[in-house]
Every structure is written in structure tokens, then in C-alpha cells.
Amino acid sequence: MLEQLTQMFTRKSKQAAAIEASSDIPVHVAVIMDGNGRWAKMRNLPRIAGHRAGMKAVKEIVKAADAIGVKYMTMYAFSTENWKRPQEEVDFLMKLPQEFLSTELDELIERNVCLKMLGSKDELPSHTLEALEIAEEKTKGNTGLQLNFALNYGSRKEMIHAMQELARKVQAGELQPEEIDEAAVARHLYTRDIPEPDLMIRTSGEIRLSNFMLWQLAYTELWFTDVLWPDFTKEHFYQAIAEYQGRGRRYGAV
Ligand code: FPP
């Protein structure tokens with residue numbers, strides 16, 4: 001048993017060490033955390049039990065990312081389409097950020113993590129928004145990993161918002177239509193201050209983007225796994241990073 005544990009420990013350390021030894025650590029990793037409902041169903045549990053288990057995976061993966069020097073993590077926690085779910089599930093998902101922060105905020109601060117919310121604040125319940133804003137305020141000076149929760153996030157909504165802002169500036173005479181280029185659009189997205197993701201991970205075997213960062217993922221390496229989010233461990237995460245490191249990114253060139 002002890003030998004097995006030692007082997008496990010050595011294997012994990014080697015995995016993380018090999019990744020760290022490569023200079024090619026993705027700066028920004030985005031994650032579609034999918035499969036919580038199926039995880040719960042397989043265990044005859046209510047869907048919310050899957051989300052709670054998913055929250056534990058968030059904790060592990062954030063630490064794993066921080067440990068190898070990833071600078072930005074964006075986690076898709078609630079989409080603009082998720083409001084269509086049963087009210088009980090929506091209410092639960094809206095309580096999760098608070099629950100997460102009530103146990104994790106001190107440690108996040110200790111680890112120099114900066115927390116941000118990406119998404120539309122308009123429809124969020126005040127208790128959810130308040131918890132996030134307090135965490136944003138308390139961590140705003142931190143210079144370590146930036147952890148973005150994409151909450152009430154929809155890429156099309158984000159792009160419409162950017163287009164409206166740009167149109168308003170044109171109407172006000174502050175901007176010429178010809179000045180609307182890629183950089184101008186990017187400056188009006190929720191992600192205006194951060195680089196585009198280098199790697200996007202989606203769990204649970206679904207191979208689609210589900211309205212997640214459609215503009216930002218244009219040249220991102222995509223990595224899919226059948227593993228359901230609550231079962232996703234740091235070993236899976238490091239496997240994704242190692243495969244990313246083995247890919248050649250050409251950005252349309254040869
Ligand atoms: C998708 O799985 C998952 C979500 C819509 C919610 C994701 C939320 C978490 C992982 C917890 C977030 C934690 C914090 C700290 C905010 P699904 O429910 O669609 O799964 P299914 O496709 O199997 O039904």
C-alpha cells in the first residue's frame with residue numbers, strides 16, 4: 001500500500017515537473033465544466049449534488065493551474081442559456097459562488113489570486129453579485145493567477161454588447177466606422193484586459209462550444225475529454241497541458 005502510494009505520488013510529481021520544465025505553459029486556460037448532471041444521475045443523486053461535486057473539482061483544478069504558473073483561468077460556471085433550467089437548480093447554481101468564496105476566499109488571497117467575473121451582471125440575484133463584487137474588491141491588487149468565473153456569460157450577448165458600444169461611439173462621432181478593427185472589437189469585450197485563451201478544455205464528451213468565448217477562441221487549442229467534470233482531476237488537467245505542449249500552433253501560417 002505504502003509502495004503504491006509512493007509510486008502514485010512520484011508519478012504525479014513527475015507529471016507536473018515535466019510540464020513545468022517545458023517553457024510552454026499556456027498563459028490562459030478556459031474550461032467548459034460539463035457533465036455535473038450526468039455524474040449525479042449515474043449515482044441516483046439530484047443534479048445539484050453534481051454541481052456541488054463540480055465545485056470541489058474547481059478547487060483542485062485552480063490549485064493545479066496555479067502550481068504550474070498558468071496566469072489566467074476562465075471557468076464557465078453559468079451560461080445565459082442556463083436560466084432555462086428548473087428554478088431549484090438555477091437557485092442552487094446562483095448560491096455556489098457564495099459558497100465557494102465563503103470557504104476559499106482566504107486561501108485565494110493567500111495564494112495571491114485575483115478573482116473576476118465575466119458576464120452580464122444585470123440578471124444576477126443581489127446575493128450572488130455582492131459575493132462576487134466583495135471578492136473582486138478584496139483580490140483586485142493580487143498579482144498571481146487571475147481566476148475568471150464566466151457567470152451569466154454568453155458569447156453572443158458579449159459581442160452584441162460590444163457592437164452596441166461601438167455603434168454608440170460612431171454615432172457620437174468618437175469613432176470612424178473604418179476604425180472598427182479586431183483590436184477595437186476586442187477592447188469592447190468582457191475580456192478586454194486579458195489575452196485570448198491558449199487552451200480550451202471541455203469535459204463530458206460534448207464536442208461543441210456552447211456560446212463560450214466564440215471570438216476569443218479563434219486560434220485556441222481545443223481539448224476534449226469524456227471525463228465528467230466532477231471526476232476531472234489534476235492528472236487530467238496536466239494531461240491536457242502536456243498534449244497542448246505537443247501541438248504546433250501556426251496561427252494560419254505554415
Ligand atoms: C454543466 O453541467 C455545468 C454547469 C452548468 C454548472 C457548472 C458549475 C460548476 C462546475 C460549479 C461552479 C462552481 C463555482 C465555484 C461557481 P451540466 O449540469 O450541464 O451537466 P449535464 O450535461 O451532465 O447535465
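Start at 1 with the first residue, then count along the sequence. Values below: all heavy atoms of this structure, side chains included; hydrogens, waters and symmetry mates excluded. Read the numbers this way: they start at 1 and go in the same order the structure lists the ligands and their atoms.
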With heavy atoms and a 4.0 Å threshold, my read on which part of W229 contacts ligand 1 is side chain
Note: F149, heavy atoms under 4.0 Å from ligand 1, region reported as side chain
Judged by non-hydrogen atoms, does E104 sit under 4.0 Å from ligand 1? no
Check if G35 has a non-hydrogen atom at a distance under 4.0 Å from any atom of ligand 1.
-> yes
Within the 4.0 Å heavy-atom shell around [X], which atoms of ligand 1 are there?
| X | value |
| --- | --- |
| L96 | 11 (C) |
| F100 | 15 (C) |
| A77 | 6 (C), 7 (C), 8 (C), 16 (C) |
| G37 | 17 (P), 18 (O), 20 (O), 21 (P), 23 (O), 24 (O) |

Taking N or O atoms only and a 3.5 Å limit, does [X] qualify as a polar contact for ligand 1?
| X | answer |
| --- | --- |
| D34 | yes |
| N36 | yes |
| R38 | yes |
| N82 | no |

To the nearest 0.5 Å, atom NE2 of H51 lies from atom CH2 of W39 at 11.5 Å
Rounded to the nearest 0.5 Å, the CG atom of L105 sits from the OG1 atom of T139 at a distance of 7.0 Å
Looking at K121 and E136, is there a salt bridge between them, counting it only when a charged N and a carboxylate O are closer than 4.0 Å?
yes
of all protein heavy atoms, closest to atom 1 (C) of ligand 1 is M33 O, 3.2 Å
May I ask which of [options] has a heavy atom nearer to [atom] than the others do?
| atom | options | answer |
| --- | --- | --- |
| atom 18 (O) of ligand 1 | M94, M117, R85 | R85 |
| atom 4 (C) of ligand 1 | K95, H51, R47, R52 | H51 |
| atom 13 (C) of ligand 1 | T103, V58, L228, I32 | V58 |

Per side chain to side chain donor-acceptor pair (under 3.5 Å), K169 is matched among Q164, H188, E174 by H188
E182 atom CD: more than 12 heavy-atom contacts under 6.0 Å: no
Residues passing the side-chain contact (heavy atoms from CB on, under 4.5 Å) test with R192, sequence neighbours excluded, are none
Residue pair H236 / T225, side-chain donor-acceptor N/O under 3.5 Å = no
_Under a plain distance cut-off of 3.5 Å, with no hydrogens placed, do K95 and H127 share a side-chain donor-acceptor pair?_
no
Query - side chain to side chain donor-acceptor pair (under 3.5 Å) between E158 and Y153, worked out - result: CA-CA 8 Å; E158 177 186 34; Y153 175 88; 2.5 Å; yes
Q.
Working note: E206 + S204, criterion side chain to side chain donor-acceptor pair (under 3.5 Å); need CA distance, chi angles, decisive distance, verdict.
A. CA-CA 6 Å; E206 308 293 350; S204 93; 4.5 Å; no
